[in-house]
Participant: 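Starting off with a structure, shown below.
Proteins get letters first, then strands, A, B, ... in listed order; numbering begins at 1 in each.
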Amino acid sequence: MEKLATFLSGVAKVWNLYGSSLIDGTKITILIAIVGTLAGLLIGILVGIIKTITVKKDDHLVKKLVLKIVNFILAAYIEVFRSTPMMVQAMLLYYGTAWIFNIRVNAIYAAIVIVSINTGAYMAEIVRGGILSIDKGQYEAAHSIGMTHWQAMSLIVLPQALRNIMPAVGNEFIINMKDSCVLSVITVNELFFQTKSAAGATYLTFHAFAIACVIYFILTFTVTKILRYVERRMDGPESYTIHGSQSAPEAEIRVNLKQTK
Amino acid sequence: MAQPVIEIKNLKKIFGEREVLKDVNFTVSKGEVVCIIGSSGSGKSTLLRCINLLETPTAGEIYYHGEDILKSKKASHQYCAKVGMVFQQFNLFNNLTALENCTIGQIKVLKKDKREAETVASNYLKLVGMEQFINAKPKQLSGGQKQRVAIARALSMEPDALLFDEPTSALDPEMVGEVLKVMKNLAKSGLTMLVVTHEMAFAREVSDRVVFMDGGVILEDNTPEEIFNNPKFERTREFLKRSKNE
Ligand SMILES: Nc1ncnc2c1ncn2[C@@H]1O[C@H](COP(=O)(O)OP(=O)(O)OP(=O)(O)O)[C@@H](O)[C@H]1O
Ligand SMILES: [Mg+2]
């Protein structure tokens, strides 16, 4: 009981002295996670689409060659970034640019770049899987009403693929929220970095990290809830309205259309 | 003689080592209803998919109103928009409502404005008896309802000709009737139709011509009376006898 009281007073002390810097750190963690995940998703969509382009036998030789080279580069990108720790990638980028170009990039920019590229490597495979999971008939039906390849992809296949991969995207988001802590090694003053500083200054390491733990949990828990909501929104209403058809059907339908818009 | 809409000359399709279509020749004229029958694996679907450019023919020509559509890629999209296809598995766009399924092609391919597209779509959804379900997503519809929406989607493009690949084969027996009824009405309305089907009664009743395919060639191409009552080839007779016993 006594222990608990001292624990709580320690937590209160850390919070009073360093609460605002912990909140600043939290903001940076959120920033890195959001921008990194969205940029990563964009990279993933782009790479995923390119990786699902198939060559036909009668395609032009140049197209085949270009696609082969691009695919090789993309495969290398995915493999390299998935096979090395993000912490090491961050060190390489941050100190590498310093050593090679003699410039010190802003640590937060470096962090966002690393998280984006890293997430992109995972997202590429997620998006590719999502596209491949869509029944070929969807594309064929789009083709059969005269859509071009890009229309069929952007209007029919991708929206369905993106909906299907939302849980996996949410997962990446949560992982980024937590794993951004490794970026403290390149002096990004995100939550983990700020917690360490607070712990070092107060010698209340356990208490400081207890606070960090709670903040991380609240962040990821909120994100999970928001993502569920987004998924439900993407699914649209569970039921549909049946429209009457007794009177002049055309007028009737138009009225109903307006109502539902 | 009526004006030919689709003319196929020396069409060949090879998958790897397999010659699935060997020298297919035939013509569909304006307003004609042609049924294609034949045993499984004879190449009926492949023929339809070649006509709709879902497969690239290995050799041969496909003329649409006298123009070879295998020659130019640009013309081929216009052609696809004007020759519709109804699939065995419906293939409704799962991310769109019934109405949107019928408007998206009009808006994106035919470049109509949304209101106009919705009016056209509503009319065709009404024609197939699906006007009550304009806001339903495909997963909320039964098989027969999906296929009727799929027919409305194809009709909304106001096609010159419509291809059907076994449109009732994936349906529960009690839903076959509602789809066949829609198709019969379309046939009567003068739409040019090319229908792959195992529904012999339907082929007999509505078609102007019946084409019997066997092993990648057209073995017989004649009036339904001739094909069903007086087939010239033993293969045709066997096939008809087998399908009657089913
Ligand atoms: N993409 C493909 N690759 C290789 N072989 C194929 C392909 N599509 C079809 N085939 C082969 O071509 C032959 C003809 O197929 P097709 O689907 O045209 O037959 P069908 O007459 O429509 O038969 P069913 O009545 O069963 O639908 C079959 O032997 C099939 O295995
Ligand atoms: Mg078939």
Participant: Is it the backbone or the side chain of B:Met85 that comes under 4.5 Å from a heavy atom of chain A, or both, or neither?
Facilitator: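 For B:Met85, backbone and side chain are both near chain A.
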Participant: Which answer fits A:Leu155, side chain, backbone, both or neither, if we ask what part of it has an atom under 4.5 Å from a heavy atom of chain B?
Facilitator: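 It is both, since atoms from each part get that close.
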Participant: Shorter than 4.5 Å, heavy atoms on both sides: which option in B:Leu54, B:Thr97, B:Leu53 has the most such pairs with chain A?
Facilitator: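 The option with the most such pairs is B:Leu54.
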Participant: Has the side chain of B:Gln89 got a donor or acceptor atom that lies under 3.5 Å from a matching backbone atom of A:Gly137?
Facilitator: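 Not a single qualifying donor-acceptor pair exists.
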Participant: Can you confirm whether more than 12 heavy atoms, excluding those of B:Lys181, are under 6.0 Å from its NZ atom?
Facilitator: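 No, NZ of B:Lys181 has 12 or fewer neighbouring heavy atoms, counting only those of other groups under 6.0 Å.
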Participant: Given side chains that start at C-beta, do those of A:Gln151 and B:Val109 come closer than 4.5 Å, heavy atoms only?
Facilitator: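 They are in side-chain contact.
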Participant: For A:Ile145 and B:Arg153, work out which heavy atoms get closest and say how close.
Facilitator: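 Of all heavy-atom pairs spanning A:Ile145 and B:Arg153, the closest is CG2-CG, 4.5 Å.
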Participant: Using every non-hydrogen atom in the two residues, find where A:Gln138 and B:Leu92 come nearest and quote the distance to one decimal.
Facilitator: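 Smallest heavy-atom distance, with atoms named: NE2-O, 2.7 Å.
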Participant: Does B:Lys12 have more than 12 heavy atoms from other residues, nucleotides or ligands lying within 6.0 Å of its NZ?
Facilitator: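 12 or below, so no.
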Participant: Do B:Asn95 and A:Arg163 have side-chain heavy atoms sitting under 4.5 Å apart?
Facilitator: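 Not touching, per the 4.5 Å side-chain cut-off.
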Participant: Of the backbone (N, CA, C, O) and the side chain (C-beta and beyond), which part of B:Phe93 lies under 4.5 Å from a heavy atom of chain A, both, or neither?
Facilitator: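 Both parts, backbone and side chain.
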Participant: Taking everything shown except B:Phe15 itself, do over 12 heavy atoms lie less than 6.0 Å from its CZ?
Facilitator: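 Atom CZ in B:Phe15 is crowded, with more than 12 foreign heavy atoms closer than 6.0 Å.
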Participant: Check whether more than 12 heavy atoms from other residues, nucleotides or ligands sit under 6.0 Å from atom CZ of A:Arg82, and answer yes or no.
Facilitator: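 Enclosed: over 12 neighbouring heavy atoms sit under 6.0 Å from CZ of A:Arg82.
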Participant: So what's closer than 4.5 Å to chain A heavy atoms on B:Val86: side chain, backbone, both or neither?
Facilitator: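 Interface part for B:Val86: neither.
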Participant: Give me the atom names and distance for the closest heavy-atom approach of A:Ser144 to B:Asn52.
Facilitator: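 In this case the closest contact between A:Ser144 and B:Asn52 is CB-OD1, 3.2 Å.
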Participant: I'd like to check B:Arg49 versus A:Glu140 (side-chain heavy atoms, cut-off strictly below 4.5 Å). Are they in contact?
Facilitator: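 Yes, at least one pair of side-chain atoms sits under 4.5 Å.
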Participant: Within a strict 4.5 Å, meaning less than it, do heavy atoms of the A:Ile134 and B:Asn94 side chains meet?
Facilitator: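 Contact flag for A:Ile134/B:Asn94 side chains = no.
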Participant: Would one find more than 12 heavy atoms of other residues, nucleotides or ligands at under 6.0 Å from atom NZ of B:Lys82?
Facilitator: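 It does: B:Lys82 NZ has more than 12 such atoms within range.
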Participant: Which pair of non-hydrogen atoms, one from A:Gly146 and one from B:Cys80, has the smallest distance, and what is that distance?
Facilitator: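 Nearest pair, atom of A:Gly146 first, then B:Cys80: CA-CB, 3.7 Å.
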